[in-house]
Every structure is written in C-alpha cells, then in structure tokens.
Amino acid sequence: MLDALRRIVQAVNAADDLQSALDIMVQRIAQVMGVEVCTVYLKDFESGRLVMMANQGFNPKLVGVVSLAEDEGLVGVVARREEPLNLDNAEKHPSYFYLEGIGEELYHSFLGVPIIHQRRLQGVLVVQQKDSRRFDEDEEAFLVTMSAQLAGVIAHAKATGAIGGKNRQRDPSRSAEFTGIPGAPGIAMGTAVLVIPEADLYAVPSRPCEDIDTEVAFFFQCLQAVREDITAIKDRLQDKLAKEEQALFDVYLSMLDDRALGLEIEGRIREGEWAQGALAQVVISHIRTFESMEDAYLKERATDVKDLGRRVLAYLQTANTRDIEYPERTILVGEELTASIMAEVPREKLAGLVSVRGSSNSHVAILARAMGVPTIMGAVDLPFTQVEGAQLVLDGYNGIVHYNPAKELYARFEAIYAEQQELSKGLESLRNEPSETLDGRRLPLWVNTGLMADVARSIDHGAEGVGLYRTEIPFLLRERFPSEEEQRVIYREQLQAFSPLPVTMRTLDIGGDKSLPYFPIEEENPFLGWRGIRVTLDHPEIFLVQVRAMLKASVGMDNLRIMLPMISNVPELEEALELIYRAHDELVDEGVNAKLPPIGVMVEVPAAVYQAREMARRVDFLSVGSNDLTQYLLAVDRNNARVADLYHSLHPAVLRALNDVAQAAQAEGKPVGICGELAGDPGAAILLLAMGYDMLSMNASSLLKVKSVIRSQTLAGAKTLLEQALAQESSVDVKELVRDAMIAAGVDKMLQPAMGEKLRPKR
Ligand code: PEP
Ligand code: MG
C-alpha cells in the first residue's frame, strides 16, 4: 500500500498543472483500489460550491459542470462534517441527493473523505462501487491517507494555477496571496524582477519567444556545442575507460540528437516558448519520468538527463545574458536570494525582496534589515518562475506577498505606505528626546547590529547603546574563520562607532539555522542541537580567539560588554566565564592593557528562566533573547511558515517567563535587558517597562516608534496594564488589551499594521 501511495503522490507531483494532477489522481486511485468511480470535488472559495473537477467512471462531459452546495448531498455531508462517510447503500442516507444525468444511481457503495490543507477544506475525494458493500477499514484508511497527502499538493497546484500554471503564460488578470516569513519589516510595492541562477533548470521562467526561427536555430547551435563537448570528453577518456563504459557517451550523444530531445524542445519553441523555457520544461518532464521508474538503472538516468539539460542551458544562458534595466521600484524575486545578488540592484531602485527559500536569519534578510528593505523569506508556495514583470505588494510585517492585488487592496496598501512614510518623518523630531514615561521613568533604547550598515541608521535614530552585536554576521560573510587580527579590526570599528556608548558583543552563535559555509553543521534537529555556546565550548580555540579579539579591540575605549548565547545550565556558564578570564589573563601577560568587560548571559532557553537567579549571581547582566525563548517555550520553529501563526510573542506563558526573569535579576540586583524582536514591538514595550526591564534593544527602524509609545505612558498605568495582561489566558486577549491601552494614549498609529488577510484561519 505504502508503495502505491508513494507512486501516486509522485505522479501527481510531477503533473504540469492542477487539472492534470487531479486527473492522474482519480485514475490512479480508481486503479489501485479497484473501484469503478473516483471523483474529486474542489471547493470554489468564491461561490462556496463543491465543483466536480476530475472523475473516473462517470460521463466525462460533467467534469467542471456539476457542482453542489455545501448542504447538498453526501459530498456536502463530508464537507460540512470534515470527516469520512462510508456507506454500503448510499441512496438510503437521508442526505442522498440524486444528480440527474450522472448515472450515479447505479452505484450503491460510497466512501467520501474530506481534503483538508492547513485546517481549510479544499474539497472532497469520493470512491463509489456498483455492488452494495461497505468499504473495509483498510480501504478507508488508504483513502484518508491519500487525501491528507494530496491536500498539500492540491493547495500548492491551486496557488500555482492561480497565476497561470506551471507551463502556461501568466494570466495578468489574476490576484493571489502567498505566505512566507517576515524577513525585514515594511511595505513595498513594485515590479517583480526574477533572479535566475545560472544553469538551474528548475529556476527558468516561462517567457514568450519573439523570433521563433532565430530561437530554434540558436537552440540547435547550443545543442551542437554540447555534443562537441561530450565527444571531446569521450575522446579524452578513450584509453581510460572500458568499451562498455565508453558506450555511455554514445547514449548521451543519442539523447542529444536533433531528432530526440532536440525535436521535442523545438516543438515547444514553435509553440511560442523561448528556448531556455522549452528546454527546462522538456528536460524536467523526462527527469520525472526516469525518477519514477522502478528499475534502479533507469532511475539513475534522471541524473544524466539533468546533467545534459544543464549543459545546454549553460550555453543558452551565456549567449543570452540580459542587461537588466531595473524598474523604478524593483522587487527582486528568486528561489534563493543572496546578499551579492541584492547588491547588484541600485539602492534607490530596490523596493523589496522575496526569497522562496531561506529564513529570517539568512544573510540576505540580515542585510535587508540593516538597509531597511522590506523582505519576505520562505515563500515556499510562490511559483516564482511565473511572476516576472508582475505587480507585487510585500507586507514585510506579516510575511505576505500579494501578487497583482485587486484595485481596492492596492489602494489600501498605498494609503498605509504613505502613512508609514509620514509616520517615520513625524517621528524624526523625537530623535533627541529622552525615552521616558510621562511620570519620569527612563527606559534606555538600544539597537541590535551586525553590519556596519546598521551603525549609521542606529546613531541617526538616537540609540543609546548596542544591546546585541551579532558577531556571527561578519563570520557569515567570509570564506573561513576570520583571524584574531581580522576580528579585532571589525570589532574595533563597531566599538569606535558607538564610543562612549556601550556595545554588547555576543560570542559566536552559529548552529540552528545559522551555518557557516566553511563550517557546516548538519543535524536532524538543529535548533535542539549543536548551537551557540555549545559549539564554542567544544571549540575553545575559536572562542578564545574571539574573546581575545574583542578585548584587544576595546583597549582605550572600554565600552565593550560580552554576552553568551544559548546558555542552558550553570556549568556551561562557568566554563565560558573561565575561558573569558583566561583570555584576559593571557592578554595582560602579553602586556595588552585590556579591561575585563561586564559579562552577561542571554536568557533564551526555558531552563535559563528557571535558573535566572543562579545565572544572574555569576554575571553582570542578563539579556532575554525573546526570539528563541518564544520558540522554545511554545515549541514553535521561528522559521517555519506553516506554524508561523502559532508563534505568539505575547503568549501568556511567554509574558510570565519574561516577568519571572525580570524579578530574578532584580532580586540579585543585576540589570536585565531584552534583545529579541519583542523589544521592538511598541505595544510589548509598555509591558516590558512595567516588568522593570532596564533596557530594550531592537532594530533601528523600530526605535522611534517604541520611544513615542514609552513617552505616552505612565509607569503606574503600565503596571496596571501588566497586571491585567498577566491574568489573560490567550495571546489574542493580551493583544487586545495592549491595543486598547495604545488607543487610549493616542499612539495606536505605532501598532504594527496588520493588512494582509492570512490565508489560514487563526489558531
Ligand atoms: C533571540 O533569540 O531573541 C536573539 C536575540 O538572538 P537571535 O535572534 O540571534 O537568535
Ligand atoms: Mg537567540
């Protein structure tokens, strides 16, 4: 069964578009289950009706024509109840609904299962039989499993189909919405420019071809070039390979024959597709066919076809490099955007970024945040090869890409965009005002940095210090570990830029989703694995060099603070402290006049919350990493779009943990700050103020908003709000409470705009 299931899913996945996926699905399921009828009904979200989209066994003319309301028939029962319905005699069921002309009356047994993707009903999958028998448990379980697996494929195919389908031209009249992970906040509106990585068959967009004959001739010229390359390789290896091994090259050459692959690709070009697109489409379909074969030898051929395809593509691309004329408001879209690709677009033209892969910690997202370019990462469902030239609106606050939004939505975004611009201008006057409440309580606002690009913006916004300098960022941008001297220079630059203001340097925090290209860490469960302090304690040579570089860099300025990430127990902390003392002693012995800086611990693992006092006793300050703390407390991967709506930074459990940490630090008489994203949420800042946090550290772009909210509150009022917030049972209630307080204080404009309707219902 498992094998049958896998093969069906594989075949469906390989389909060109939604319709062929559904057709394959019903044919294969009917065949494997040995049933006479198999049907897929999909829900039309506009009309709410269940439309027969594919069928095996009934009159084919009915497909796309027959539809049912959700309260009609047995299919309606399955849809409404969202559970399987298994009947030996369908017509006896009170909800049986006879549809004229289908011939359904001949089929007595009925098994229907809902197709649900991310809590949303997509449709109903039904099998029917003439003889009157109840489908057995195995059959029911098979269909339920099938439907659960296919739901994701259908949802993805629908999303792709929403803007034209894999192999078809884009339909400019359609709108669609895709959810990813917020990479850098802000709204961007502009024209999509697709970044095509070289020789990547899967990233080639579909484009119309302007001059068919020239394109065909050019294609055959490139094909010939690859044939010549292969022949040359074959000749070179002649005396190194046995006869039968050499024969492999003849197979390649015959695949590359004008009349084999060549002919098929020519056909596509003559249908109007450009050569690169035609090549990619034909080659990918052959790769899929080979991959789905049982025979191991034939399966392997997929790799050969892919290789040959890439070779031809490389020729097509070298001759076809385009000189990109970037539109005024460019939104770069790519499968995996990199920091260097981003740098190719003139800054004044770069409005936003969308990357299908990657997380908020990818280089490109880090750089985008530093440069203030709204960015969406991990937009996995976006059929990126189809979007070139389309109008996109990015909601970088909520991680949503709006493709070709309808007029009203576009107008709404334009208004919000203008409001945001206005708001930032209005806030500029606050730059030199103190961050203090109406009743005089000061709450210093610091910034998070990682690149020199952050520095200017931070100083511009009146930051009072650096609460988190992520040292892994300069490490990420290199091809090997930077030497002690290289690190010293980089750190000194940061310290100098802010001197005499304090700069908190965090020791290397790699692992999780931050891996260095030259020090890959591959694990099944990286967020619970070798990351942060665990890596550096296992590699004291890396840790010591880094601490030495920090200490040396601070000579004469003494504004350094050192912070340790991912501490989950006391011995770990003590070991790290020992190493820092050792590095300091070494430098003193070497005659370097470096002071021992304040040392702090990040509280970002639940264990550290419960041992905050023991930790605080041993160090000079605590700083909460709310990004990881939220992820670990709620068991929600911070980079997984599928569970993004469960990542509630104002979850009552998170609030209580934050409150406990503040109290623990106060009990030990040590300052406590927070440097996760929560610190930059203007509403949350009121609660953190009330808890007694001594400093909030955030992205420079949030600083003035947070300041304006702090200045609108009294400490006494914030404390009352906190008391109420801590008594709430859900994050929605906490959010409402905070929102009301902001409205009452006239600062609700600082609330993060929530513009995009999420595709999924809220959890
Ligand atoms: C955090 O976890 O909140 C934090 C500030 O560290 P990072 O986001 O770099 O993991
Ligand atoms: Mg962290």
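Both counts, for ligands and for their atoms, begin at 1 and track the order of listing. All values below were derived from every heavy atom in this structure, side-chain atoms included, with hydrogens, water molecules and symmetry-related copies excluded. This chain uses plain numbering: 1 for the first residue, then up along the sequence. Just so it is clear, the model here is predicted, and its values are computed rather than measured.
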Non-hydrogen atom of Arg506 closer than 4.0 Å to ligand 1: yes
Would you mind checking if Arg739 and Asp748 are paired as a salt bridge, meaning a charged N to carboxylate O distance below 4.0 Å? no
What N/O/S atom of Asp628 gets nearest to the Mg ion (ligand 2)? OD2
Asp509 near the Mg ion (ligand 2) via N/O/S, less than 2.8 Å: no
Numbered atoms and elements of ligand 1 in range of Cys675, under 4.0 angstrom, heavy atoms: 5 (C)
Please determine, by modelled atom types, if Ser730 and Asp733 share a side-chain donor-acceptor pair under 3.5 angstrom. yes
Region of Leu468 engaging ligand 1 - heavy atom pairs below 4.0 Å: side chain
Pick one of side chain, backbone, both or neither for how Met566 approaches ligand 1, counting any non-hydrogen atom pair under 4.0 Å. neither
Test item: side-chain donor near acceptor, Ser649 and Glu677, under 3.5 Å: no
Report the part of Met698 (side chain from C-beta onward, or backbone N, CA, C, O) that has a heavy atom under 4.0 Å from ligand 1; answer both or neither where that applies. neither
Ring geometry between Tyr518 and Phe481 (parallel below 30°, tilted from 30 to 60°, perpendicular above 60°): perpendicular
Record the part of Met563 in heavy-atom contact with ligand 1 below 4.0 Å; permitted values are side chain, backbone, both and neither. neither
Below 4.0 angstrom from a heavy atom of Ser626, which ligand 1 atoms are there? Numbered from 1 as shown, please. 3 (O)
To the nearest 0.5 Å, how far apart are CD in Glu464 and OG in Ser458? 12.5 Å
Nearest non-hydrogen atom to atom 9 (O) of ligand 1 belongs to which of Arg470, Arg638, Met602, Gln631? Arg470
Is any NZ, NE, NH1 or NH2 atom of the basic residue among Glu485 and Arg488 found under 4.0 Å from an Asp or Glu carboxylate oxygen of the other? yes
Just let me know how Glu677 lines up against ligand 1, side chain, backbone, both or neither, with a heavy-atom cut-off below 4.0 Å. neither
Proximal atoms of ligand 1 relative to Glu604 (non-hydrogen, under 4.0 Å): 1 (C), 2 (O), 6 (O)
